[in-house]
Asks: 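One structure coming up, written as structure tokens, with questions to follow.
Values in this document were obtained by computation on a predicted structure and should not be read as measured data. Throughout, a chain's letter reflects where its sequence line sits, starting with A, and its residues are numbered from 1.
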Amino acid sequence: MDTNDAKSYFSVRLLEWYDVHKRDLPWRRSRNPYYIWISEVMLQQTRVETVIPYYHRFLERFPTVEALADAPEEQVLKAWEGLGYYSRARNLQAAVREVKESYGGRVPDSKEEISSLKGVGPYTAGAVLSIAYNKPEPAVDGNVMRVLSRYFLLRDDIAKPSTRIGIEKLARELIPEGKAGDFNQALMELGATVCTPKSPHCLTCPVMELCAGRLEGIADELPVKTKAKPPRPERRAVAFIEGAGEEAGRILARQRPKEGLLASMWELPHVLLPETMPEPEAAGADAAAMRFLREKLAAEYGLNVEPTEPMMDAEHTFSHIHWRLRVYRCRFLGLAEGPAVHDGGVANNTADDDGLRDGDVFLWFGEKELGQYALPNVFLKILKQAGVR
DNA sequence: AATGCGGGGCG
DNA sequence: CGCCCAGCATT
């Protein structure tokens, strides 16, 4: 069996299979490059079932390049709330604004131009060019690297950037004339539904007969991938601060800095507990944590509270940090006020170890604010469990 | 090349 | 409940 035979067999059988087995997905009902682009950005690191409701809501709110370009960033972030990797939303809007200004609102169809847009890397560029414009460009994501590693028995570590380059070259050679969009989607579809990471369904695979990984009996050991290092643990004390009088029933929230982790998102104020603090189970741990929380919030933000009792625990794992949160109910005493940065908010500028902050914004959160500003899922869950709405 | 950046699903 | 999934930007 010649390698070229294995290649053409793969492409032909895969396309036949896709024609019969492709899922009916919302973004497959259109060739609108803007729609395809939105779906591809949402699908980065995110599974299809999660994306579908976001995709519908996002396009309902921002139906065109123009609409998204002209929207306040705050609304875009809110529409992205819960999807994670929020820089995707920020980059997407920056890119769409560039498309409006420099390309007359038309999503560019050349590799160079589309790749120059913020948040558009090799995968997204190839996906939009092939699916929306049927250009013969590879679109290599994790699915594709897994499928091709198995079929061609590639033992290179897919965690290495150089491996992706090599697989892109291979994928480019596999694209049948005039069928780039369907072929790339077929490759990813196979990875998502048949050639799955664990216990692949080889017996229903359209290319099983010539799959080198299966024939060698090691399909489920491929692809080779070095493991990521485990997230560093952090324990944090969270302040649940209920308003009184005019602010009764509302909770004090803080907007995070414009850059870094969860940029610009809203959250309940919290502080990192030193590793020297006693474990939560230890006697006196809560008393120590509440004292630390009070002192740190005052020093860091000029926020004066009196923690009264532990309310609940929560956990949240990022790829690189693991948060163990303990939420403490607090009595609000006052906030040193600075110039208001956010409409209706209370801003406070304080110096800390890093120098002057760019302005800490606090805001009482009620139903209206919850519907308007974006919070990470972990804080949404805390508020929901506390009965705030 | 290594690291920062969320959230969800599965066995 | 521990483990796995993984594009793009920055450094």
Asks: Looking across every strand, which nucleic acid part, if any, lies under 4.0 Å from A:Asp157 by heavy atom: base, sugar-phosphate, or nothing?
Replies: nothing

Asks: Cut-off 3.5 Å, side chains only: do A:Gln185 and A:Arg28 have a donor facing an acceptor?
Replies: yes

Asks: Of the options A:Trp364, A:Phe240, A:Phe362, which is the one that meets A:Phe332 in a ring pair (Phe, Tyr, Trp, His ring centres under 6.0 Å)?
Replies: A:Trp364

Asks: Taking the six-membered ring where the residue is Trp, are the ring centres of A:His270 and A:Phe379 under 6.0 Å apart?
Replies: yes

Asks: So does A:Arg232 pair up with A:Glu234, basic N to acidic O under 4.0 Å?
Replies: yes

Asks: Map A:Asn91 and A:Tyr85 onto DNA chain C by nearest heavy atom, then report which one ends up closer to the 5' terminus.
Replies: A:Tyr85

Asks: For C:dT11 and B:dG6, measure between their P atoms and round to the nearest Å.
Replies: 16 Å

Asks: Is the shortest side-chain N/O distance from A:His320 to OP1 or OP2 of B:dG4 below 4.0 Å?
Replies: no

Asks: Going by heavy atoms in the side chains, are A:Lys7 and A:Leu170 under 4.5 Å from each other?
Replies: yes

Asks: For the pair made of CD in A:Gln44 and P in B:dG4, what is the distance, rounded to whole Å?
Replies: 20 Å

Asks: Calculate the interatomic distance between A:Leu83 atom CG and C:dC5 atom C1'; express it in whole Å.
Replies: 16 Å

Asks: For A:Arg164 and C:dG7, is the shortest distance between a side-chain N/O and OP1 or OP2 below 4.0 Å?
Replies: no

Asks: Take atom C1' in C:dA6 and the same atom in B:dA2, then report the distance between them in whole Å.
Replies: 15 Å

Asks: Given that A:Gln45 and A:Pro161 both sit by DNA chain B, which one's nearest nucleotide is further toward the 5' end?
Replies: A:Pro161

Asks: For A:Gly119 and for A:Arg47, locate the closest nucleotide of DNA chain C by heavy-atom distance; then report the residue assigned to the nucleotide nearer the 5' terminus.
Replies: A:Arg47

Asks: Under 4.0 angstrom, heavy atoms only, what part of the nucleic acid is A:Arg232 near: base, sugar-phosphate, or nothing?
Replies: nothing

Asks: Please state how far atom CD in A:Gln93 lies from atom C1' in C:dC8, giving the value in whole angstrom units.
Replies: 18 Å

Asks: Could you tell me how far apart A:Ile165 (CD1) and C:dG7 (P) are, to the nearest whole angstrom?
Replies: 14 Å

Asks: For nucleotides B:dC5 and C:dC5, find the distance between their P atoms and express it as a whole number of Å.
Replies: 22 Å

Asks: Is any side-chain heavy atom of A:Tyr328 closer than 4.5 Å to one of A:Val305?
Replies: no

Asks: Closer than 4.0 Å, any side-chain N/O of A:Thr124 to the OP1 or OP2 of C:dC8?
Replies: yes

Asks: When we call it a touch if two heavy atoms are under 4.0 Å apart, what does A:Ser87 touch: a base, just sugar-phosphate, or nothing?
Replies: nothing

Asks: NA contact type, A:Tyr123, heavy-atom cut-off 4.0 Å: base, sugar-phosphate, or nothing?
Replies: sugar-phosphate

Asks: Considering every strand and a 4.0 Å limit on heavy-atom distances, what is the contact class for A:Lys225: base, sugar-phosphate, or nothing?
Replies: base

Asks: Tell me the interatomic distance from A:His322, atom NE2, to B:dG8, atom C1', rounded to whole angstroms.
Replies: 15 Å

Asks: Whole Å only: how far is the CD1 atom of A:Ile167 from the P atom of C:dG7?
Replies: 11 Å

Asks: Roughly how far apart, to the nearest Å, are B:dG8 and C:dA9 at atom P?
Replies: 23 Å

Asks: Could you state the atom-to-atom distance from NZ of A:Lys227 to P of C:dC3 in whole Å?
Replies: 9 Å

Asks: Let me know, please, whether A:Tyr54 or A:Lys160 comes out on the 5' side of the other along DNA chain B by nearest nucleotide.
Replies: A:Lys160

Asks: What's the closest nucleotide to the side chain of A:Ser319 if the choices are B:dG8, B:dG7, B:dC5?
Replies: B:dC5

Asks: Counting any heavy atom closer than 4.0 Å, what does A:Val378 reach on the DNA or RNA strands: base, sugar-phosphate only, or nothing?
Replies: nothing

Asks: Answer with base, sugar-phosphate or nothing: what part of the nucleic acid does A:Ile158 contact at a heavy-atom distance below 4.0 Å?
Replies: nothing

Asks: Whole-Å distance between B:dG4 P and A:Ile321 CD1?
Replies: 8 Å

Asks: Does A:His316 put a side-chain nitrogen or oxygen below 4.0 Å from OP1 or OP2 of B:dG6?
Replies: no

Asks: Verify the distance criterion only: is there a donor paired with an acceptor across the side chains of A:Ser264 and A:Gln255 at less than 3.5 Å?
Replies: no

